[in-house]
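The analysis underlying the following values was restricted to heavy atoms, covering all of them including side chains, and did not include hydrogens, waters or symmetry mates.
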Amino acid sequence: MSERFDTLVVGAGPAGIAAAVSAAAAGQRVGLVDDNPAPGGQIWRSGASQPAAARSLLAKLDAAPVQRLQGWRVFDSAEHDVLRAECENECADLFYRKLILATGARERFLPFPGWTLPYVMGAGGLDAMVRGGLPISGKRVVVAGTGPLLLAVAAHLARKGAIIAAICEQASVRRLIRLAAHLVNEPAKLLQGIEYSAATFGAKFFTGCWPAAANGREKLETVTLGRNGKLWDERCDYLACGYHLIPNLELPALLGCRIEDGFVTTDDLQRTSVADVYCAGEPAGIGGVELALLEGQIAGLAAADKTEEAKKLATRRRRSLGFVRALREATDLDPRLKTLALDSTLVCRCEDVSFGALRNHANWRDAKLHTRCGMGACQGRICGAATEFLFGWSTLSGDSGIRPPVFPARVSSFTTSIALNEKETQ
């Protein structure tokens, strides 16, 4: 199978949907590809709990002439103007004139003793499971890590009947105050923060605090929390722990997009360093749903050559960049988090590679060759981010750089794609 598009959008979260709708409204033949069965990404999962903004934009997507490839995962780029994707037993070559990358982000996990115990989960992961029907009413939950996701998750779990035993933010109160000062110019975020605080009223909130260990014989029973050099145990049924978000950069890196300070470099029109390739949402900078939507619109209009309209929106985007910088400064990880893992603590959970087995290696490539760290099912998406923080290793550049497939793929998908390309050139 092969398809041709004027504009191809990868990622059906808020930024990708906004880009697809904007490009289609400008008369482009648009394709929207995403590996989830329904649009919305991680933040706008289907269900009655979707916010009004999500329902409105999804309705526009339904009405737009956009060819949706849900359940398809892009795993390779054969040439400058074609991506390869697979879905169940099918493979497709997706040709494009303009490409918009809206690949979203994932949670960052850091290893500490006991983090692999049952019921120790990512904050977003637990939230998603509850949205999917996991009963949480009456369960004691500790929410820990850093970033706005903590309050959002705690508020949702509380509304579902969970007992929020503690909310632990690793950032200092001083950094949080500096971040709060930027919310004066972000009324939607300020209102959201007030709503989250109201939902979690009465829960203990600690700054400069993090899990030092998760304890239990066969599953989580208590979590040891650390703050100002003091340790104490908190009884809980779940530990929801995540250290903010990291962008999904594998596909931009494979395409050769310039990446600086952990994000894809873009100009005011969301253009990357690669001709005809745009980037919107978290890979270009993490700043919340409103910014992602704005960047998606800019990218969609720019890809459709509606430059003047895109420039008007770019002015609004520039006003939000102060909050993006403030959020990044607030969520910078405390260096003391590097001291939590013991030599026996697993870092790569797919291949059972411990901290002690990694700390004497020089770089990511050396560690992979000698320990198989990063070579399991997740392809380094969890341990790669952890080792970047723990050891300063780069997982996207040099000899450690991204190679296809960016996701595990069937051998038949490669041979089928080659056959499709040969057919197209005949």
Side-chain angles (χ1 to χ4, degrees), residues 14-15 42-43 51 53 104-110 122-124 127 142-158 164 166-211 225-228 240-247 260-263 266 280-295 316-338 385 388-389:
Q42 298 301 315
I43 192 165
R106 59 186 183 269
E107 288 184 271
R108 183 198 300 270
F109 303 109
L110 298 179
D127 186 68
V142 171
V143 182
T146 196
L149 186 62
L150 300 188
L151 274 180
V153 169
H156 179 244
L157 298 182
I164 306 302
I167 303 171
C168 306
E169 166 60 64
Q170 66 92 37
S172 67
V173 66
R174 183 177 300 177
R175 280 196 280 161
L176 294 180
I177 290 173
R178 287 201 297 265
L179 176 62
H182 285 268
L183 293 178
V184 175
N185 299 318
E186 300 283 347
K189 291 184 175 65
L190 182 60
L191 178 61
Q192 200 172 54
I194 293 172
E195 292 174 349
Y196 293 158
S197 297
T200 57
F201 181 77
K204 292 178 289 187
F205 183 86
F206 300 105
T207 59
C209 180
W210 49 77
L225 300 176
R227 184 173 188 256
N228 296 330
C241 188
Y243 288 90
H244 200 34
L245 302 173
I246 51 172
E260 296 178 347
D261 298 325
F263 297 96
T266 61
E282 285 89 349
I286 295 171
V289 175
E290 294 81 8
L291 180 60
L293 290 170
L294 191 57
E295 290 182 345
R316 287 171 49 194
R317 173 184 176 269
R318 283 195 292 272
R319 299 192 194 109
S320 300
L321 296 183
F323 176 77
V324 173
R325 288 190 292 270
L327 178 60
R328 188 168 186 182
E329 290 172 3
T331 56
D332 275 348
L333 299 180
D334 192 303
R336 288 174 290 181
L337 293 168
K338 296 180 181 181
E388 282 182 358
F389 172 67

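Taking all atoms of both residues into account, the shortest heavy-atom contact from Ile164 to Ala203 is O-CB, 3.7 Å. Closest approach of Phe389 to Leu110, counting heavy atoms only: CD2-CD2, 3.8 Å. Across every non-hydrogen atom of Ala330 and Ala171, the tightest pair is O-CB, 3.2 Å. Taking each heavy atom of Gly287 and Val324 in turn, the nearest pair found is CA-CG2, 3.9 Å. Pairing each heavy atom of Arg175 with each of Glu329, the nearest pair is NH1-O, 3.1 Å. When every heavy atom of Ala154 is checked against every heavy atom of Ile167, the shortest pair comes out as CB-CD1, 3.8 Å.
Taking the ring pair (Phe, Tyr, Trp, His ring centres under 6.0 Å) definition, one finds that Phe206 meets it with Trp232, sequence neighbours left out. Applying the salt bridge (charged side-chain N to carboxylate O under 4.0 Å, His left out) rule to Asp332 yields no partners; only residues at least two apart in sequence or on another chain are considered. Take Lys338 and apply the salt bridge (charged side-chain N to carboxylate O under 4.0 Å, His left out) test, not counting sequence neighbours, and it matches no residue.
Considering only heavy atoms from C-beta on, Cys168 comes within 4.5 Å of Leu225 through its side chain. His244 places none of its side-chain heavy atoms less than 4.5 Å from the side chain of Leu149. Phe263 has its side chain within reach of Arg328: a pair of non-hydrogen atoms, C-beta onward, lies under 4.5 Å apart.
Among Val143, Leu150, Leu151, the single residue meeting the side chain to side chain contact (heavy atoms under 4.5 Å, CB included) criterion with Glu169 is Leu150.
Side-chain atoms of Arg227 come within 3.5 Å of backbone N or O of Thr207 as a donor-acceptor pair. No donor-acceptor distance shorter than 3.5 angstrom exists from the side chain of Gln170 to the backbone of Tyr243, with no hydrogens or angles considered. With Glu107 contributing its side chain and Ala123 its backbone, the two residues share a donor-acceptor pair below 3.5 Å. Not a single donor-acceptor pair under 3.5 Å links the side chain of Arg178 to the backbone N or O of Ala326. Distance alone, capped at 3.5 Å, places no donor-acceptor pair between the Glu282 side chain and the Pro247 backbone.
In this structure, CZ on Arg108 lies 12.5 Å from SG on Cys241, to the nearest 0.5 angstrom.
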